[in-house]
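The next block holds one structure in the form of structure tokens; read it before the comments.
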Number of protein chains: 2
Amino acid sequence: MGIVERRERLRKQVRTDILKTARDIAREEGWQAVSIRKIAEVIEYSPPILYEYFDNKDKLLETIRNEGFSHLHNELTRLKTLYRSPEKLLIEFAQVQWKFAIEQPEVFQVMFNIEGAMCQSRQAFQVEFAMLNNHPIWDALAHIRPRSADAISKTFYEWWCLTYGFLMVSLITQPKASLATFEPIFMESVRRFVRGLV
Amino acid sequence: MGIVERRERLRKQVRTDILKTARDIAREEGWQAVSIRKIAEVIEYSPPILYEYFDNKDKLLETIRNEGFSHLHNELTRLKTLYRSPEKLLIEFAQVQWKFAIEQPEVFQVMFNIEGAMCQSRQAFQVEFAMLNNHPIWDALAHIRPRSADAISKTFYEWWCLTYGFLMVSLITQPKASLATFEPIFMESVRRFVRGLV
DNA sequence: GTAAATAATTTTACATTGTTAAGTTACTTC
DNA sequence: GAAGTAACTTAACAATGTAAAATTATTTAC
């Protein structure tokens, strides 16, 4: 009997719709405008239905945040298979980060609690910024200049502050239309950082 | 008759109390917890009184944001009188920025719409990031390495992305208790940036 | 010193929010 | 088709920003 499967498929679809709708509203009107009721209206269900899929609004945002971080992480591991040179990997990944932040600003906003997005869970940060080896970026830095784990961890942290920091400042302070102007400045900063590593 | 003056003084005091209370609540419980009613309760007035002092909640936050930016700007001009060397000025100002962000995180949060703070007005950014000469930082960069105005403006922007970006990433992703750990990393990044300018 | 005028403040109200509990409808199984 | 279960909605609560109306306190004019 495919009844259970059909139900499961439907559930999955509704869940995806909820997440997509939240992102859509956020992109159009900002995260302050995202409410359970508005999402419910768009997906044509009553508001309490959302609580069948997410414990609360915070967990919904947490899901979007985690998807954002794991999307970038997947891109990073994909790039690792493409480029042997650690320098190239860093630069290409920075490019991917920029593209992601510009194309999906509403996800980036949730990832870092900026511009009205607010998610309590700090779990994603502990994963992203864990200063352990075996992270592709950490490895790349270690390959470019082998040093003590502590020294590399420091550079690892500087990397995230440079890339994510640049993106945050740009997304927060610049009007959307003029953002493209800053991409070359960003990429040049990244290249200088990579050059300065040796 | 000093009646008008007395009233004016009282008004000023209440206004200050409102701003201070907002910051206090934000520091203790975060900006999501700051509500007109809660502020009113603390200053022992009914909620609508707040609208005699600020058009709305957004304007209240805008005031805190502007005060934050002008405080830093004042510190910068103060430092300019203390240090002749532009390199020294940059490094000392970075130190002031760090101190400010750590000691008054709730103000920093409003300045950049992070961690639940949300203020629509972008006015402060236009002032802070206006790539014009006569800004102490812009001047310092121009003195360290004289170039075209465009080239300096680019570096000027990189400066803000480095300093504010580093602070944002740190404030957002790190638990308050461990923030102190990152100060030397921040300062080293700034020094490398300054060294790299020549 | 009292009445009128004005300023200061509060009470009441409305729409919107997240979220829960109770109720209802639709579907599946026997 | 009846019983049981899953899916869903309605109604409700407390908290929010904010406006209008009502009230109280203070000042001014006589």
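This is a predicted model, so every value here is computed, not measured.
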Take atom NZ of K57(A) and atom P of dA15(D), then tell me their distance rounded to the nearest Å.
18 Å

Gap between atoms CZ and P, on R11(A) and dA7(D) respectively (whole Å):
7 Å

Would you indicate, yes or no, if dT28(C) has its OP1 or OP2 atom less than 4.0 angstrom from a side-chain nitrogen or oxygen of R6(A)?
yes

Could you give the CG-to-P distance, from N56(B) to dT18(D), as a whole number of Å?
5 Å

Identified ring pair (Phe, Tyr, Trp, His ring centres under 6.0 Å) partner of W98(B) from the options F182(B), F186(B), F93(B):
F186(B)

Strictly under 6.0 Å, is that where the ring centroids of F166(B) and F193(B) end up?
no

Set of residues satisfying ring-ring contact (aromatic ring centres under 6.0 Å, His included) with respect to F112(A), sequence neighbours excluded:
F69(A), F108(A), Y164(A)

Rounded to whole angstrom units, what separation is found between the CD1 atom of I39(B) and the P atom of dT18(D)?
11 Å

Which listed nucleotide (dT10(D), dA20(D), dG18(C)) is nearest to the side chain of P48(B)?
dA20(D)

How far does the helix from dG1(C)-dC30(D) to dC30(C)-dG1(D) bend, going by the axes of its first and last five pairs, to the nearest 10°?
20°

Rounded to the Å, how far apart are E44(B) CD and dT10(C) C1'?
15 Å

Select base, sugar-phosphate, or nothing to describe what Y51(A) touches, counting heavy atoms under 4.0 Å on all strands.
base

Side-chain ion pair, E75(B) and R78(B), N-O less than 4.0 Å
yes

Which whole-number value in Å describes the distance from Q120(B) CD to dG17(D) C1'?
14 Å

Could you give the CZ-to-P distance, from R7(A) to dA26(C), as a whole number of Å?
15 Å

Using whole Å, what does the distance between atom C1' of nucleotide dG18(C) and atom CG of D58(A) come to?
12 Å

Hey, could you give me each pair passing side chain to side chain donor-acceptor pair (under 3.5 Å) that has a residue in residues 187-198 of chain B? Not counting sequence neighbours.
K154(A)-E188(B), E158(A)-S189(B), E158(A)-R192(B)

Under the ring-ring contact (aromatic ring centres under 6.0 Å, His included) test, which residues partner H143(A), sequence neighbours left out?
none

If only side-chain N and O atoms count, and only distance matters, is there a donor-acceptor pair under 3.5 Å linking T155(B) with R147(B)?
yes

Using a heavy-atom cut-off of under 4.0 Å over every strand shown, decide if E52(A) touches base, sugar-phosphate, or nothing.
nothing

Indicate whether the side chain of Q120(B) and that of D58(B) have a donor and an acceptor atom separated by less than 3.5 Å.
no

Under 4.0 Å, heavy atom to any atom of DNA chain D: which of residues 18-37 of chain B qualify?
V34(B), S35(B), I36(B), R37(B)

Residue pairs meeting side chain to side chain donor-acceptor pair (under 3.5 Å), one or both in residues 34-53 of chain B, sequence neighbours left out, come to none

